[in-house]
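Just below is one structure, and these are the notes that go with it.
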Amino acid sequence: MSFDRERFLPVSIQDMERRGWDFYDFLLITGDAYVDHPSFGPAIIGRVLEAEGYRVAMLAQPDWRDPEAFAALGRPRLGVLLSAGNIDSMVAHYTAAKKRRHDDAYSPGRRAGLRPDHATIVYSNRVREVFGDIPLVIGGLEASLRRFAHYDYWEDKVRRSILFDAQADLLTYGMGERATIEIAARLASGTPVGEITDVRGTCAAVKYPDVCTYPRVEVPSFEEVSASKEAYARANMVEYQEHDAVVGRAILQKHGRQFLLVNPPAFPLTTEEMDRVAELPYVREPHPMYDEMGGVPAIEEVRFSVTHNRGCFGACNFCSLAFHQGRTISCRSHQSVIREVKALTEHPGFKGYIHDVGGPSATFRRPSCQKQLKHGMCKNRACLAPEPCPNLDADHTDYMLLLRKLREIPKVKKVFIRSGIRFDYLMKDPSGEFFTDLVQHHISGQLKVAPEHCVAHTLDYMGKPHIEVYEKFREKYFKLNRRYGKDQYLVPYLISSHPGCTLEDAVKLAEWLNRQGHMPEQVQDFYPTPGTLATCMWYTGLDPRTMEPVFVPKTPHDKALQRALMQWRKPQNRKLVLEALHRTGREDLIGYGKHCLVRPDRGARSSDGPGERAPAAKGKGGGQSAGKKGVGPTRRESVHSRQRVEKKEARPARKAGWAKAKPKKGGRKK
C-alpha cells in the first residue's frame, strides 16, 4: 500500500530539493527500515524535532561497508542522531542459542543482514570517518541498555559503556524526547556539544567527577566489574535502583582515565505531552521505497494498534523495560486515543478491528501507588511480586471506560488487547468488572499471559508471582467464559533455563504442564540481554538483590534438557527427557500412568507397578493416557495449525466441566 513520499521525512537529496531545502539540521540514522509510525523510536524522534521547527532527514539501514553511504544526504548543520533500531542489533541477528536468524521483520521483505552486528558502534564509527567531529548523539534501545559497562552474551565478556566504543558525544537513554529537544536547543544556540553534560536522561564522558551537577553515587569501575563478578553485581543493582526520575541520583563509573557520567532519568511525559507526541503527523506506514521489496513486515503487528501508556512497574527481572522506560506509568488521555482510533477507521485497509490498545503492559494507566509520585519507586520492594504491595492501586476502571468508548466508535467492530496483561494485577482489581469486559469483548480467540514457571523459588528469581495466582486467574477466566458462552483459549508463556531454575525445577514444570494438559508448541529459552537483573545473575552466578549464589544452567546440554522437558511428548526429545528423569531420580515419571511423561525403553520395568496393563499408543506422543475427567488432552498434536496447538490450554478445561455456558431462558446467565 503506497503513500505520497511528501508525507514522510526526507530520505534523499531529491526529497530535500522538492521541499526547497538548501540545508538541514539533523541527520537521523536508524538500523531499521524507515517506518513512519509511533511504534518506531526513530520516527518519534524525527517527528518531535520536526515539530520543534528543525529540518530532519532520515537515513535508514545505510551500507556500513561503504563510508560514502553515510554522506549521501550531505552534512547536517547541527548534528547526527543515531539508533540501532527498535531492538538490540544482536538480538535481531541471533537466537538465544547464538544461531544466526534467517529473517528480520524490521527490514524490507524480511531480508536479514541489512544492519551490522553492534550497529550503534559500527554506524557511529562510520559517521566519525565521514563527518569528523560533528556532534554525535546515540540513542534507542541498544544504546540505552548498554549505557554502563555491561556483560555481552554474544562475546561472553564485559564490554565498556557503548558511549566510548561508539566515540559518541552523548547518549540518550529511555524514550528520549525531552533529552533530544534540550540537546537540539543547546546545539542550535551555539553551545559546544562538549559542554552539554547536565541533561537528564543522557550520558557523557567527562574527565572530572565535579562536572556532575546532581547528587551522585559512584559504582565500581569498568576495570573492576570486568575483573570481579561480585563488583559487577553490586554495580548492576545500584544502576537499577537509581533509575528513578523522582529520587534517582547521577551515577559515575570510571573507564580508564575518564568517567562515564549518567545523569538521572528524564521525567516521564505528562498526559498532555504524551498526547502531543502520539498525534504528530505520522504516515503510519513504511516508506514507499520499500514497496517493490515486499514492504516492512513489522508494521503488520502495529498498523491498527494504539499505544496508550509507557512504563511498567511489573519489574520482571528478565525484562529490559524497567531499565529503559522505567517503572513510572505515564498515559494518554481518552480523547487522544479516541482521535487516533477514529483516524484509523479512515485508513483504506481498516476492516473494523483495533488489534491492540496497550503498551508495555496493557492495563497500567495509573501509578502503582500515590507514594510513588513523591518518593519514587521502593528500592527494595516490588509492586506485584512475590506478593502485591498493600499500597498497590489496582483499579482498572479508567482503562475499562476507555475501551468502552472505543467500542462505540462507528466502523469499529472489535477492540482487542494483545499486549501484555498482568494477570496478578488483574486479580487485585477491587471490582472485577474489567475482567468481565475483557472476556466478553476484548479477546481475539485466545488470551496470552505469562506465568513463566511454576516453582516458587524460580519465580522469585524471575520477579513473578507464585503459580497459585495464575491458577486462580485461570479458574476465574474459564468460569467467565462458561458464564458468557465464550469459546476462548488461554495460552501461557513459559521460560526455560532461567537463572535459579534447576533440572529438578524443570521436571516439576513438566509435571505441572502435564496436569494442565498443555504442552507448549514453542519454548522461550532464557536470553541474557544487556542491562537486566536476570542477565546479571546469569553472568555472575549471584543474585544482585541479596548477593547470594544462584544456580545457572549455562551449558548447551543443560539448557537442552530443560527445554526438552517442556516439550516431553515430542519424539525427538525422548532421549533428553529420559536422561533428565534419570539424573533427577524421577523414574516414577517413566511409565504408562496418567502422571508419566514418557514410556520406558523396551525391556525396562515400568514405574506403574506389576499388574497394570499398558494402554495402546495414541498418536506420535505415545503413552499419554486420557486418564480421568479433567486430566490430559486426548487429541494428538496438530502439525498443520500453530493456532490450534496454542489453544490447547483450554481444552482440558472444557473436559473438566468448563464447557460453554448455556444462557438461561429469558436473559443472560448471571
Side-chain angles (χ1 to χ4, degrees), residues 36-40 43-44 269-285 299-312 325 329-367 393-423 425-426 429-449 477 480-481 484-486 488 668:
D36 197 57
H37 188 282
S39 291
F40 292 75
I44 294 177
L269 299 185
T270 64
T271 294
E272 293 74 18
E273 290 168 331
M274 284 275 288
D275 289 353
R276 178 174 177 267
V277 169
E279 297 186 71
L280 292 171
Y282 307 99
V283 185
R284 303 185 68 91
E285 290 291 330
I299 189 62
E300 301 303 328
E301 288 295 317
V302 297
R303 178 179 276 126
F304 298 114
S305 297
V306 178
T307 300
H308 74 91
N309 66 358
R310 285 184 183 174
C312 181
Q325 290 191 5
I329 304 300
S330 50
C331 63
R332 295 168 59 188
S333 68
H334 287 202
Q335 294 79 9
S336 175
V337 175
I338 290 169
R339 286 192 293 269
E340 182 171 344
V341 171
K342 285 183 176 178
L344 288 177
T345 64
E346 302 304 318
H347 188 287
F350 185 69
K351 297 181 179 179
Y353 301 98
I354 300 299
H355 295 162
D356 190 23
V357 181
S361 191
T363 53
F364 291 172
R365 277 191 63 83
R366 57 200 309 121
D393 182 358
D395 189 347
H396 286 58
T397 302
D398 186 53
Y399 186 52
M400 178 181 69
L401 294 177
L402 171 61
L403 294 173
R404 287 178 178 179
K405 292 174 184 177
L406 298 180
R407 297 203 308 261
E408 298 301 318
I409 294 175
K411 299 183 182 179
V412 172
K413 298 176 183 176
K414 287 283 186 180
V415 179
F416 297 124
I417 302 170
R418 291 182 178 172
S419 52
I421 287 181
R422 286 291 300 230
F423 61 84
Y425 185 60
L426 181 56
D429 184 3
S431 76
E433 192 175 0
F434 170 71
F435 205 159
T436 299
D437 268 24
L438 172 68
V439 169
Q440 286 187 284
H441 302 290
H442 302 296
I443 297 173
S444 179
Q446 59 188 21
L447 179 65
K448 297 178 181 180
V449 293
Y477 175 79
L480 289 172
N481 272 272
Y484 296 107
K486 296 289 185 179
Q488 298 174 147
R668 189 176 65 192

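Note that the structure is predicted; figures quoted are calculated from it, not measured.
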Task: Residues which pass ring pair (Phe, Tyr, Trp, His ring centres under 6.0 Å) with Phe434, listed by chain and number, not counting sequence neighbours - done: His396, Tyr399
TODO: Tell me, with the steps shown, if His442 and Arg407 meet side chain to side chain donor-acceptor pair (under 3.5 Å).
DONE: CA-CA 10 Å; His442 302 296; Arg407 297 203 308 261; 3.0 Å; yes
TODO: Indicate yes or no: at least one non-hydrogen side-chain atom of Lys351 is less than 4.5 angstrom from one of Lys413.
DONE: no
Open item on the list: If we ignore hydrogens and angles and just use 3.5 Å, is the side chain of Ser431 paired with the main-chain N or O of Glu433 as donor and acceptor?
Closed with: yes
Open item on the list: Tyr353 vs Val415, test: side chain to side chain contact (heavy atoms under 4.5 Å, CB included). Steps then yes/no.
Closed with: CA-CA 6 Å; Tyr353 301 98; Val415 179; over 6 Å; no
Task: Worked check of side chain to side chain contact (heavy atoms under 4.5 Å, CB included) between Leu438 and Leu403 - done: CA-CA 10 Å; Leu438 172 68; Leu403 294 173; over 6 Å; no
TODO: Using a 4.5 Å cut-off on heavy atoms from C-beta on, say whether the side chain of Ile44 contacts that of Tyr282.
DONE: yes
Open item on the list: Could you tell me if the side chain of Asp429 sits less than 4.5 Å from the side chain of Phe435, heavy atoms only?
Closed with: no
TODO: Evaluate the side-chain proximity of Leu426 to Arg422: yes if any heavy-atom separation is below 4.5 Å, no if none is.
DONE: no
- [ ] Measure the shortest side-chain to side-chain distance between Arg303 and His37 over non-hydrogen atoms and say whether it is less than 4.5 angstrom.
- [x] no
Open item on the list: I'd like to know if the side chain of Ser333 and the backbone of Ser336 have a donor-acceptor N/O pair within less than 3.5 Å.
Closed with: yes
Task: Rounded distance [0.5 Å steps], CZ in Phe304 versus CG in Asp356 - done: 14.0 Å
Open item on the list: Are Ile354 and Phe416 packed together at the side-chain level, in the sense that at least one heavy-atom pair is separated by less than 4.5 angstrom?
Closed with: no
Open item on the list: side chain to side chain contact (heavy atoms under 4.5 Å, CB included) for Ser444 and Lys414? Distances and angles first, verdict last.
Closed with: CA-CA 9 Å; Ser444 179; Lys414 287 283 186 180; over 6 Å; no
Task: Pair Lys405, His334: side-chain N/O donor-acceptor within cut-off below 3.5 Å - done: yes
- [ ] Look up atom CG in Leu280 and atom CG in Asp36, then write down how far apart they are to the nearest 0.5 Å.
- [x] 10.0 Å
Open item on the list: For the CZ atom of Arg310 and the OG atom of Ser330, what is their distance to the nearest 0.5 Å?
Closed with: 6.0 Å
Open item on the list: Quick one, Val439 and Gln488 - any side-chain contact, counting heavy atoms below 4.5 Å?
Closed with: yes
TODO: Verify, without hydrogens or angle tests, whether Arg365 (side chain) and Arg332 (backbone) share a donor-acceptor contact under 3.5 angstrom.
DONE: yes
TODO: Output the distance between atom OG1 (Thr345) and atom NE2 (His347), rounded to the nearest 0.5 Å.
DONE: 11.0 Å
TODO: Measure from the side-chain N and O atoms of Asn309 to the backbone N and O of Phe364, and report whether any donor-acceptor pair falls under 3.5 Å.
DONE: yes
- [ ] Output yes when Arg366 and Asp398 qualify as a salt bridge under the 4.0 Å nitrogen-oxygen rule, no when they do not.
- [x] no
- [ ] Using distance alone, with no hydrogens and no angle criterion, decide if Glu300 and His355 have a side-chain donor and acceptor under 3.5 Å apart.
- [x] no
Open item on the list: Set out, in order, the CA-CA distance, both residues' side-chain angles and the distance that settles side chain to side chain contact (heavy atoms under 4.5 Å, CB included) for Leu402 and Val337, then state yes or no.
Closed with: CA-CA 8 Å; Leu402 171 61; Val337 175; 4.0 Å; yes
Task: Whether Gln440 side chain and Asp437 backbone form a donor-acceptor pair below 3.5 Å - done: no
Open item on the list: Closer than 3.5 angstrom, by distance alone: can the side chain of Ser419 be matched with the main-chain N or O of Pro360 as a donor-acceptor pair?
Closed with: no
Task: Leu406 side chain reached by Val357 side chain, heavy atoms, under 4.5 Å - done: yes
TODO: Decide yes or no on side chain to side chain donor-acceptor pair (under 3.5 Å) for His308 and Glu340, but give the supporting numbers first.
DONE: CA-CA 10 Å; His308 74 91; Glu340 182 171 344; over 6 Å; no
- [ ] Output the distance between atom CD1 (Ile417) and atom CD1 (Ile421), rounded to the nearest 0.5 Å.
- [x] 4.5 Å
- [ ] Considering non-hydrogen atoms only, spot the tightest contact between Ser39 and Thr307 and give its length.
- [x] OG-OG1, 4.2 Å
- [ ] Working to the nearest 0.5 Å, report the span between NZ of Lys448 and CD1 of Ile443.
- [x] 12.5 Å
